Amino acid sequence: VAQPDGRFVVARLRQRTVSLTARTDVIFTVHTLLQLYVQPFISAGAYDRYQVVAAPRAADPGVPIATRLLPGTDRIAALLPDGSAVSFDRPDDLRESLNATAVFRWEYRPGSFVTAVWTHRLDAGTAVRRSLGDAIRDFSGAGASAFLLKTSLRLGR
């Protein structure tokens, strides 16, 4: 967090991330196929050990500062080494993302197809304070979905 006087408040980030990519093909007949793809992603980040940068190029550039959460807010109050006080928004956050696709393809006669595609995308970030386990159990969100239908007809032999 940059301060008006040119100083910077920095902190250690503790981040936990869970992700998975899964893809499968289900073949019902030689003419009917279903493809499924899903990629959920959850990452929770929490900051602690706040410091003010005193000597940017030094091996240990920061000076620890006292911080506390302001009651009833999502702001942190910090007491800097020179005795001045600053406050800033709590930087902890949670990112959730989901990409999912289903493709159904049916060849109803040689060279002629019907293809149906459903896709869903969710990308959300919130400033919530909860564990990664709770985030996984509560993984949800509106997101955006799209459905496409394509037909092709082979003319001639």
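Remember, predicted model here, so these are calculated numbers, not experimental data.
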Do you know which two heavy atoms are closest between Thr73 and Leu70, and how far apart they sit? OG1-O, 2.9 Å

Could you state the interatomic distance from OG (Ser19) to CD1 (Ile42), rounded to the nearest 0.5 Å? 10.0 Å

Stepwise side-chain contact (heavy atoms from CB on, under 4.5 Å) test for Thr151 and Thr115: CA-CA 6 Å; Thr151 62; Thr115 305; over 6 Å; no

Is the shortest heavy-atom distance from the side chain of Val38 to the side chain of Leu98 under 4.5 Å? yes

Value rounded to 0.5 Å, distance of CZ in Arg95 from CG in Asp93: 7.0 Å

Are Phe104 and Ile27 co-members of a hydrophobic cluster defined by side-chain heavy atoms under 4.5 Å apart? no

Looking at Phe113, is Arg105 sitting on its ring face, NZ or CZ under 6.0 Å from the six-membered ring centre and within 45 degrees of the normal? yes

Is a side-chain N or O of Arg12 found less than 3.5 angstrom from the main chain of Arg49, in a donor-acceptor match? no

Taking atom types as modelled and ignoring hydrogens, do the side chains of Tyr37 and Gln39 form a donor-acceptor contact shorter than 3.5 angstrom? yes

Is there a side chain to side chain donor-acceptor pair (under 3.5 Å) between Gln35 and Thr24? Walk through the geometry before answering. CA-CA 6 Å; Gln35 296 175 312; Thr24 188; over 6 Å; no

Do Leu79 and Val52 sit in the same hydrophobic cluster, where Ile, Leu, Val, Met, Phe, Trp and Tyr count as joined when their side-chain heavy atoms come under 4.5 Å apart? no

Once rounded to the nearest 0.5 Å, what's the spacing between atom CG of Leu153 and atom CZ of Arg109? 5.0 Å

Parallel under 30°, tilted from 30 to 60°, perpendicular over 60°: which one fits the rings of Trp106 and Tyr108? tilted

So, does Thr32 use its side chain to make a donor-acceptor pair with the main chain of Thr29 at under 3.5 Å? no

Apply side-chain contact (heavy atoms from CB on, under 4.5 Å) to the pair Phe28 and Leu34, showing each step before the final yes or no. CA-CA 8 Å; Phe28 299 106; Leu34 177 65; 3.7 Å; yes

Closest heavy-atom pair and its distance - Gly111, Ser152: O-OG, 4.3 Å

Flag yes if Val103 and Trp118 sit in one hydrophobic cluster, no otherwise; membership is Ile, Leu, Val, Met, Phe, Trp, Tyr, and two members link when side-chain heavy atoms are under 4.5 Å apart. no

Roughly how far apart are Leu33 CG and Asp25 CG, rounded to 0.5 Å? 5.5 Å

Would Glu107 and Ser112 count as having a side-chain donor-acceptor pair, cut-off 3.5 Å? no

Donor-acceptor pair, Asp48 side chain versus Leu13 backbone, under 3.5 Å? no

Which atom names give the shortest non-hydrogen contact between Tyr47 and Asp92, and what distance separates them? N-OD1, 2.9 Å

Are Leu80 and Val86 packed together at the side-chain level, in the sense that at least one heavy-atom pair is separated by less than 4.5 angstrom? yes

Any side-chain heavy atom of Thr101 sitting closer than 4.5 Å to one from Val117? yes

Taking the side chain as every heavy atom from C-beta outward, state whether Phe88 and Val9 have any pair of such atoms under 4.5 Å apart. yes

Measure across Thr67 and Ala78 and return the closest heavy-atom pair with its distance rounded to 0.1 Å. CG2-CB, 3.9 Å

Rounding to 0.5 Å, atoms CG (Asn99) and CZ (Arg121) come to a distance of 4.5 Å

Run Arg16 and Val18 through side-chain contact (heavy atoms from CB on, under 4.5 Å) and show every step you take. CA-CA 7 Å; Arg16 303 228 183 235; Val18 174; over 6 Å; no

Separation of Ile65 CD1 from Ser84 OG (nearest 0.5 Å): 9.5 Å

Shortest non-hydrogen pair, Arg75 vs Asp89, comes out as NH1-OD1, 2.7 Å

Contact summary for Pro110 and Arg154, nearest pair of heavy atoms: O-CD, 3.8 Å

